[in-house]
Engineer: 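One structure coming up, written as structure tokens, with questions to follow.
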Amino acid sequence: MTTHMTVATTTDPIDMFDDFLIRALFAGVGVALAAAPLGCFVVWRRMAYFGDATAHAAILGVALSLGFGVSIFLGALAVALAMALTVSNLSERGYGVDTILGVLAHSALAFGLVAVSFLQGVRLDLNSYLFGDILAVSKSDLVVIWSGAALVIGLMIWRWQALLTSTVNRGLAYASGINPKREQQLMTLGLAIVVAVAIKVVGALLIVAMLIIPAAAARAVARSPEAMAFGAAGIGALAAVGGLGLSYQMDTPAGPSIVCAASVLFLAFNLVARVVLKDAR
Amino acid sequence: MRLVTINGLSVKHGNHQALANVGLTVDKGEIVTIVGPNGSGKSTLLRCIIGAMTPDSGTILKAAGMRIGYVPQKLAIDATMPLTAARFLSLPKRRDAAHINEALQQVGADGLQDRPMAGLSGGQFQRVLLARALMDKPDLLILDEPTTGLDQPGSADLYTQIEHVRRDTGAAILMVSHELHVVMSASDRVVCLNGHVCCHGTPEIVASAPEYRALFGTGTHGALALYRHEHDHHHHHDHDDAHDCGHDHGSH
């Protein structure tokens, strides 16, 4: 009986993931879902550039992981996290945030690119980390992506009210017994996880697009923070599916195609909001 | 009943001594107003009380189980965040609709619950902030320049609301304000701050203190005289808690 069941289960669902396109779809949707609630905060807190810095640092993380032979996910996560924490700590000390980000983001990217050039004997397609290589996502990549996504979504649900309060006003947060610095650190951790899981899907240069564009598209029609987060998840997932479809049909690069689809949705939602919901704001 | 006792509070911002050896008490049901020029540490003091800042030295003793309601100085809700007044009142604790309506009614802001925060007028916005601060029935309401950005009638309105809060709930009120004439008429005690406590006491005592005049001139005396005339009967406070600056002004 046991043998029977094993045979029955191994054929159906595992086979499904043998198809690279199915794996790509699940990878894209997983990243879109994790990026959605976090992307809303990136938009509300005006942290787009902060997200970019974190994502660029991940390239350095990739180079280091390849050099030391550790998992790329862990390397990217560690360097992205280090970058994010450095930036948040420096900005607390009164440096101009734009300047810090400009220095650190591009330094990390440049050092990453130089470090990659030192890696001999490792065949490395740099493009796949800059622009993603979603069609090469393996089953174990999928496990990493969905675990990371579940972790980030769980974190967002757990801290939602506290994060919203801190985003609205730090003083209000303190007066309610919330430490906005701690909330910011947790959000930074979430951002680093999203960067680490998304690098394979859309690449370091386009991660921020997956954070911001779906959230900004959802803003056009949302009347509450929750609606905006769910809307961003839906729009992001739709962009992943649409972009992959486009890539499959027209043989275009997958990561950029997903971002193109998200941009088209952004435009469509804004036009719809203009016409239908004149007072959406 | 004593709600807050502050002793020897000092805070440094980098090399700048924002607060030096500040002492302050707030009792149940009284309105205490902090006045002082820009950069005199007024907001810093409030931030220490709500726990947003850790003082370098000194103590802040709060009554056990005391609930604080806080209205921050500047609150700009980014237009990218869709937030209705009702949703704002549900931060960080979820509230039911009845509770939200009641709080809005209490400050004369009924009907605003479904309006986006970004679309409210200055006066409406401040009322919603006040409503949020009152959700937990605070023992102490702390307001940091609550009338910033309001016109004269709007700010007079808000001060009336604040008075009503004290009357209806018995909450003590600690606020920072720039509007000296209003402060003088609406406060039980005034603390004049300039890095340290220059002088404190009833509005009359503070207004006639040389330290206060040195900071604000005598320009407010007209308004104060008017106020004295109108509210003579109101002053059950003897000047027993006069300032500690060593100047004896007595009543005259």
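Just so we're on the same page: letters track the sequence lines, and every chain starts at 1.
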Engineer: Taking everything shown except A/Tyr49 itself, do over 12 heavy atoms lie less than 6.0 Å from its OH?
Structural biologist: yes
Engineer: Just give me the residue among B/Gly14, B/Pro72, B/Ser90 that pairs up with chain A most often, heavy atom to heavy atom, under 4.5 Å.
Structural biologist: B/Pro72
Engineer: Just how far is it from atom CZ of B/Arg87 to atom CZ of A/Arg223, taken to the nearest 0.5 Å?
Structural biologist: 15.0 Å
Engineer: Taking the side chain as everything from C-beta on, heavy atoms only, tell me whether B/Thr84 gets closer than 4.5 Å to A/Ser224.
Structural biologist: no
Engineer: With a 4.5 angstrom heavy-atom cut-off, could you sort out which part of A/Arg45 is near chain B: side chain, backbone, both or neither?
Structural biologist: neither
Engineer: Might you point out which heavy atoms bring A/Tyr174 and B/Gly51 nearest each other, and give the distance in Å?
Structural biologist: CD2-O, 3.4 Å
Engineer: If you count heavy-atom pairs within less than 4.5 Å of chain B, which of A/Leu172, A/Asn179, A/Leu164, A/Leu163 leads?
Structural biologist: A/Leu172
Engineer: Checking heavy atoms, do the side chain of B/Arg47, its backbone, both or neither come under 4.5 Å from chain A?
Structural biologist: neither
Engineer: Would you check if the side chain of A/Arg219 reaches a backbone N or O of B/Ala79 as a donor-acceptor pair within less than 3.5 Å?
Structural biologist: yes
Engineer: Once you round to the nearest 0.5 Å, how far does CH2 of A/Trp160 lie from CG of B/Leu91?
Structural biologist: 10.5 Å
Engineer: Let me know if A/Ile178 has heavy atoms under 4.5 Å from chain B in its side chain, its backbone, both or neither.
Structural biologist: side chain
Engineer: What residue in A/Gly171, A/Ser166, A/Ala173, A/Ala162 has the most heavy-atom pairs under 4.5 Å with chain B?
Structural biologist: A/Gly171
Engineer: For the residue pair A/Trp44 and B/Met81, what are the closest heavy atoms and their distance?
Structural biologist: NE1-CA, 3.3 Å
Engineer: Just verifying a value: how many Å separate B/Ile50 CD1 and A/Ser176 OG, rounded to the nearest 0.5 Å?
Structural biologist: 9.0 Å
Engineer: Within a reach of under 6.0 Å around CZ of B/Arg67, are more than 12 heavy atoms found that belong to other residues, nucleotides or ligands?
Structural biologist: yes
Engineer: Pick from B/Ile77, B/Val71, B/Leu75: which one has the most heavy-atom pairs with chain A under 4.5 Å?
Structural biologist: B/Leu75
Engineer: To the nearest 0.5 Å, how far apart are CG in A/Asn169 and CD in B/Gln73?
Structural biologist: 10.0 Å
